[in-house]
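Ligands are counted one by one from 1 in listed order, and the atoms in each one are counted from 1 as well. In this chain, numbering begins with 1 at the start of the sequence shown.
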Amino acid sequence: MGFFIGPRRRFGNVGKWNHAHLLGMRYLEKKDIEYLVKRGNDFREFLESSPRSFQRLKGYLLVNFFFEPSTRTRTSFEIAGKLLGMDVVNVDVEVSSLRKGESLRDTIRTLGRLKPDILVIRHHQSGVPEYLAEFSPFHIVNAGDGLREHPTQALLDLLTLYRQFNRLTGLRVAIVGDILHSRVARSLIMGLRKMESEVVVSGPPTLVPSEVETLGVQRIFPVEEAIRGVDVVYLLRIQRERQETGYFPSFREYGVFFGLHTLPKDKERGTFLMHPGPVNRGLELDYALVEGERSLIEEQVACGLAIRMAVLETLVRGEDL
Ligand code: CP
């Protein structure tokens, strides 16, 4: 699928993009996901060329507002905005007036008067992007909220799968690890189920709550059983920062009993490996597997830039699907 810079190409008369914000995978329909993945795929191919400047959003302003650490998401939103010709501002929470006691509501209303077009927010509290969307005069993109959602991660994961398998329907994906604390898992499960792919989840039973089955996935224990015959094993990061109470005896034991040491060999075309990053090498994943030939981890990063370009463009320009 080649990149196009001319008039918008259509791939099916399925309607218009009708979302003011990107708050979660729960709000997207299958046609929305298909649109963003295919547009992301165009950008992914465009990113291989040089020069890569693409001034489609020149004159628009993007503000990044991250309350939690990030390398991939924040940097790729900044680069995505700049490649599209946007002006980009990163707000530093530590030196903002939030540290003098200003409320988040007043902070956002203040930023609103500075006329950004899109605000990308990562926040440790679940539901903050929805709260802001109620009164923000600009587009809100959820870059991860608490334990709830991380929609651009799910979209980039779907783009990675699409590029590997040339389809998003009928795949079987095992998500392994800390499901309980994972907004990445929740968003990816919703995305894969909307695209009619199968998802199984596994890990330490204390980190794989039975409620996850309401999202249409199967819990399978032990991990070796869950990953048998899947197209992809999707490892989750052990979130040390959210492990205040013990969900497993020790990190060492987690690595031995729940970490991935080899990929299953029972699939004719082989099983691929994904991880949202950052990876705890040697804990949830063996050192060698990270850079192995079945690893899609670095391709996920490249797809992250492409999908974020697609998201920014779509929110600002509201294209036909
Ligand atoms: N996967 C992910 O969100 O990575 P960052 O925390 O580095 O943005």
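Sorted by first and then second residue, the ring-ring contact (aromatic ring centres under 6.0 Å, His included) pairs with a member in residues 66-92 read F65-F67, F67-H123; sequence neighbours excluded.
Scanning the protein for heavy atoms near atom 4 (O) of ligand 1, the closest one is R72 CD, 3.5 Å. With respect to atom 6 (O) of ligand 1, the closest heavy atom belonging to the protein is R122 NH1, 2.9 Å.
Residue contacts with ligand 1, taken as heavy atom pairs separated by less than 4.0 Å, do not involve R183 at all.
Proximity to G277 (heavy-atom distance under 4.0 Å) selects the following atoms of ligand 1: 1 (N), 2 (C), 4 (O). Close contacts between ligand 1 and Q153 involve ligand atoms 1 (N), 2 (C), 3 (O) [criterion: under 4.0 Å to a heavy atom]. Near T71, meaning under 4.0 Å from any of its heavy atoms, are these atoms of ligand 1: 5 (P), 7 (O), 8 (O).
Within a 6.0 Å radius of CD in E298, other residues, nucleotides and ligands contribute 12 heavy atoms or fewer. Atom CZ of R294 is surrounded by more than 12 heavy atoms from other residues, nucleotides or ligands within 6.0 Å. In R113, the CZ atom is not crowded: 12 or fewer heavy atoms of neighbouring residues, nucleotides or ligands sit closer than 6.0 Å.
A ring pair (Phe, Tyr, Trp, His ring centres under 6.0 Å) with F251 holds for exactly one of Y247, F248, Y254; it is F248.
Using a 4.0 Å heavy-atom cutoff, G144 is absent from the residues neighbouring ligand 1. Ligand 1 does not have E68 within reach: every non-hydrogen atom of the residue lies 4.0 Å or more from it.
Checking only distances, P278 never comes within under 3.5 Å of ligand 1, N or O to N or O.
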What pairs of donor and acceptor atoms, side-chain ones from residues 218-226 against any protein atom, are under 3.5 angstrom apart with sequence neighbours left out?
unit_1 : atom_1 : unit_2 : atom_2 : d
R219   : NH1    : V208   : O      : 2.6
E225   : OE1    : R228   : NH1    : 2.9

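For the pair I189 and V199, the tightest heavy-atom approach, listed with the atom from each and the gap, is CG1-CG1, 4.0 Å.
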